Amino acid sequence: MLISRPRGTSDLLPHATAGWQRVEAVIRDLCRVYGYGEIRTPLFESTELFQRGVGEGTDIVEKEMYTFTDKGGRSLTLRPEGTAPATRAYLENGLHTAPQPVKLYYVGPMFRHDRPQAGRYRQFHQFGVEIFGAADPAADAEVIALAMHFFERLGIAGLELHLNSVGCPGCRAVLRAKLADHFGPRAGELCANCKSRLGKNPLRLLDCKEEQCRAAGREAPVPADYLCAECGGHFERVRRNLELLEVSFRLNPCLVRGLDYYTRTAFEILVPGRGAQDAVGGGGRYDGLVGAIGGPAVPGVGFALGLERTLLLVSKQAGGEEPPPDPVVFVATAGETEETATVLLARLRAVGVPADREYAGRSLKAQMKYAAKRGARWVVIVGEDELEAGEVTLRDMGAGLQVRVSLGEVVERLRS
RNA sequence: GUGGGCGUAGCUCAGUCGGUCAGAGCGCCAGACUGUGGAUCUGGAGGCCGUGGGUUCGAAACCCAUCGCCCACCCCA
């Protein structure tokens, strides 16, 4: 093969896109019901947007971005996630002057230069929602409930919702000091990654998966112990709302979102027993994000779900791929009847009957064979003999029976 | 970025100690007294055996490199 697709991308052929369309239909319906409007932003943005909106200290920005320089010398980046672009669009289009809150959702491809493996690709797809302008804990609960509702609608069971609160910059400053006190003396026991985190972002030490770091962090202070009164109250209200919505969750005191503009609620949706790749989605509150990219202080909360990982669960649990659509009616010719067949086919399609023909001028036998393989329920044989009587032969492919029908009424017979 | 496995027809794969090994099944196309399907039979098309070097009289097979795919780690979705 001369040219193959770029690493970590995939060609979705008709038998696969059927599953995607189903998932997308659920997304659109759910978002309509919950009151979210769809937003479509560019696939690439100024690199700076992600540096500020995702965070310089993150793996995404440090090593996973598809960044290039365009002909005007601007640094652009294929979007690695959807929240920063949505936030940018919210500001740029003046949505902060619209009635608040503004509730948006998006579905589309994201790009990260990671090493591909099962359920992880360089071009992958996310479904996400964002609520801008609502500080109410009920908003946190709503997006979480929406995410869980989505999986429920797809028939996916057995997911775990992990929940935590990382507090606000105020209470986090206290925590940070305590973490430094705790880990400082143990720096020697930590993995290389965590050693460097110790200085810049000690919160991240809490959710390192290395055994040695977990051991060192066993007695470490966690955000929940240092929440200020307001953050504590908020978290309590989020949990209360989830109970009202009958969404079960598990408190995970080590669940963390590292950057400063992530505040309070943090959550992740996990598939138990899938190793290091168990996250199908996650989200939280980001009351500092709008400000971080240059806007006013507007609170926000949202989530992003991985669709490839979701599809993996759909096909695993709900059984397999769906077949491509049947043509239903196939128009075959026998003899010099092409023109009549062409018109008949057009009439069938005009009234919405899925119909097809073949274009190779093959024998009737070959046409029948092709029609059967395509899964046609009916074949209309337009033959010279029948045409002399103004008729065609209508064959029921399932039953193997056929009758002659007048050319005038065949469309009506097949319409239903 | 790190580690492991694998790269032979569209697909799934055989190819034994290097010497008619370029193959099978499925799929595709065609035919079986030429206007009728999913069965059967027959035939056909289709492969620089991932790529580039090397070893050898001779390599799909052995060695090196490279690219790609898969899986795992890190991290995430």
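Every value quoted in this text rests on a predicted model; they were computed, and no experiment measured them.
- Judged purely by distance below 3.5 Å, without hydrogens or angles, the side chains of A:Thr77 and A:Thr67 pair a donor atom with an acceptor atom.
- Environment of CZ in A:Arg349: crowded, with over 12 heavy atoms of neighbouring residues, nucleotides or ligands closer than 6.0 Å.
- When the P atom is compared between B:rG3 and B:rG47, the two are found 37 Å apart, to the nearest whole Å.
- Using a 4.0 Å heavy-atom criterion, one finds that A:Gly383 contacts the bases of the nucleic acid, with or without backbone contacts as well.
- As judged by a 4.0 angstrom heavy-atom cut-off over every strand, A:Gln402 is placed among the base-contacting residues.
- Regarding A:His113, its NE2 atom lies at a distance of 18 Å from the P atom of B:rA77, rounded to whole Å.
- Straight-line distance between the C1' atoms of B:rA45 and B:rA39: roughly 24 Å, to the nearest whole Å.
- The gap from the P atom of B:rG52 to that of B:rG19 amounts to 23 Å, rounded to the nearest Å.
- Counting heavy-atom neighbours within 6.0 Å of A:Arg413 CZ, excluding the residue itself, gives a total of 12 or less.
- The nearest whole Å value for the distance from the OH atom in A:Tyr359 to the C1' atom in B:rC29 is 20 Å.
- Of the residues in residues 60-69 of chain A, not one comes within less than 4.0 Å of RNA chain B through any heavy atom.
- The CG atom of A:Asp385 sits 13 Å away from the C1' atom of B:rU36 (whole-angstrom rounding).
- Which of B:rC70, B:rC75, B:rG31 sits closest to the side chain of A:Ser363 comes down to B:rG31.
- Where A:Pro116 and A:Gly282 meet RNA chain B, the nucleotide closest to each residue was compared, and A:Pro116 sits on the side nearer the 5' end.
- Across all strands shown, A:Leu364 has heavy atoms under 4.0 Å from base atoms, whether or not it also approaches the sugar-phosphate.
- Remark: A:Arg120 is not in phosphate contact with B:rC75, judged by side-chain N or O atoms under 4.0 Å from OP1 or OP2.
- Take the nearest nucleotide of RNA chain B for A:Val280 and for A:Ala334: the residue whose nucleotide is more 5' is A:Ala334.
- Put simply, A:Gln117 has a side-chain N or O that comes within less than 4.0 Å of OP1 or OP2 on B:rA72.
- Within the structure, every pair that satisfies the ring pair (Phe, Tyr, Trp, His ring centres under 6.0 Å) test and touches residues 326-347 of chain A, not counting sequence neighbours, is listed here: A:Phe330-A:Tyr370.
- Scored by the ring pair (Phe, Tyr, Trp, His ring centres under 6.0 Å) test, A:His113 finds A:Tyr66 as partners (sequence neighbours excluded).
- Of the residues in residues 25-46 of chain A, none lies under 4.0 Å from RNA chain B by heavy-atom distance.
- Between the CG atom of A:Asp278 and the C1' atom of B:rA72 there is a distance of 14 Å, given to the nearest Å.
- By the 6.0 Å contact criterion, CD on A:Glu48 is open, its count of non-hydrogen atoms from other residues, nucleotides or ligands being 12 or less.
- Backbone-only contact: A:Gly8 has heavy atoms under 4.0 Å from sugar-phosphate atoms and none from a base.
- Side-chain polar atoms of A:Tyr286 and A:Glu130 form a donor-acceptor pair below 3.5 angstrom.
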### Query
Tell me, for nucleotides 37-44 of chain B in 5' to 3' order, what letter each nucleotide earns: B for a base near a protein heavy atom under 4.0 Å, S for only sugar-phosphate near one, - for neither?
BB------
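- Taking the six-membered ring for Trp and the full ring otherwise, the centers of A:Phe249 and A:Phe267 sit at least 6.0 Å from each other.
- In this structure, A:His162 has no ring pair (Phe, Tyr, Trp, His ring centres under 6.0 Å) partners at least two apart in sequence or on a different chain.
- Contacts of A:Ala118 with the nucleic acid, taken as non-hydrogen atoms under 4.0 Å apart, involve only primed sugar atoms and P, OP1 or OP2.
- Across the protein-nucleic acid pair, A:Arg112 atom CZ and B:rC76 atom P stand 9 Å apart, rounded to whole Å.
- With distances taken from any side-chain atom of A:Thr393 to the nucleotides B:rC70, B:rU36, B:rA77, the minimum falls on B:rU36.
- Note on A:Gly335: nothing from the nucleic acid sits closer than 4.0 angstrom, heavy atoms only.
- Stem regions annotated for RNA chain B: B:1-7 with B:67-73, B:10-13 with B:23-26, B:28-32 with B:40-44, B:50-54 with B:62-66, counting only runs of 3 or more consecutive pairs of Watson-Crick or G-U type with both contacts under 3.5 Å.
- Within the nucleic acid shown, A:Arg362 comes within 4.0 Å of sugar-phosphate atoms alone, with no base atom in reach, counting heavy atoms only.
- For the residue pair A:His234 / A:Asp136, no side-chain donor-acceptor distance below 3.5 Å is found, with atom types taken as modelled.
- Comparing B:rG4 with B:rG54, their P atoms sit 27 Å apart, to the nearest whole Å.
- Sorted by first and then second residue, the ring pair (Phe, Tyr, Trp, His ring centres under 6.0 Å) pairs involving residues 30-59 of chain A (not counting sequence neighbours) are A:Tyr34-A:His149.
- Rounded to an integer number of Å, the gap from A:Leu255 CG to B:rA77 P is 11 Å.
- Every pair passing salt bridge (Lys or Arg N to Asp or Glu O under 4.0 Å) that includes a residue from residues 329-342 of chain A is listed here, sequence neighbours excluded: A:Glu338-A:Arg357.
- Pairs passing the side chain to side chain donor-acceptor pair (under 3.5 Å) check and including a residue from residues 376-389 of chain A, sequence neighbours excluded, read A:Glu386-A:Thr393.
- With B:rA77, B:rG3, B:rG35 as the candidates, the nucleotide lying closest to the side chain of A:Arg115 is B:rG3.
- Between A:Tyr90 and A:Phe132, the ring centre distance stays below 6.0 Å.
- Within the structure, salt bridge (Lys or Arg N to Asp or Glu O under 4.0 Å) pairs that include any residue of residues 118-128 of chain A comprise A:Asp114-A:Arg120 (at least two apart or interchain).
- With P as the reference atom, B:rG5 and B:rG43 are 42 Å apart, rounded to whole Å.
- A:Asp114 has its CG atom 11 Å from the P atom of B:rC75, to the nearest Å.
- Separation of the C1' atoms belonging to B:rU42 and B:rC57 is 42 Å when rounded to the nearest angstrom.
- Among the atoms of the strands shown, none is found under 4.0 Å from any heavy atom of A:Glu308.
- Using a 4.0 Å heavy-atom distance criterion, A:Gln123 is classed as making no nucleic acid contact.
- One can place CZ of A:Arg7 at 19 Å from P of B:rG50, the figure rounded to the nearest angstrom.
- Remark: A:Leu146 CG to A:Phe151 CZ distance equals 10.0 Å, nearest 0.5 Å.
- A donor N or O paired with an acceptor N or O is found under 3.5 Å between the base of B:rG35 and the side-chain atoms of A:Glu386.
- Nucleotides B:rG15 and B:rC29, compared at atom P, are 31 Å apart to the nearest Å.
- Look at the P atom in both B:rG44 and B:rG53: the space between them is 35 Å, to the nearest Å.
- For residues 80-91 of chain A, the salt bridge (Lys or Arg N to Asp or Glu O under 4.0 Å) pairs, not counting sequence neighbours, are A:Glu45-A:Arg88, A:Arg88-A:Glu92.
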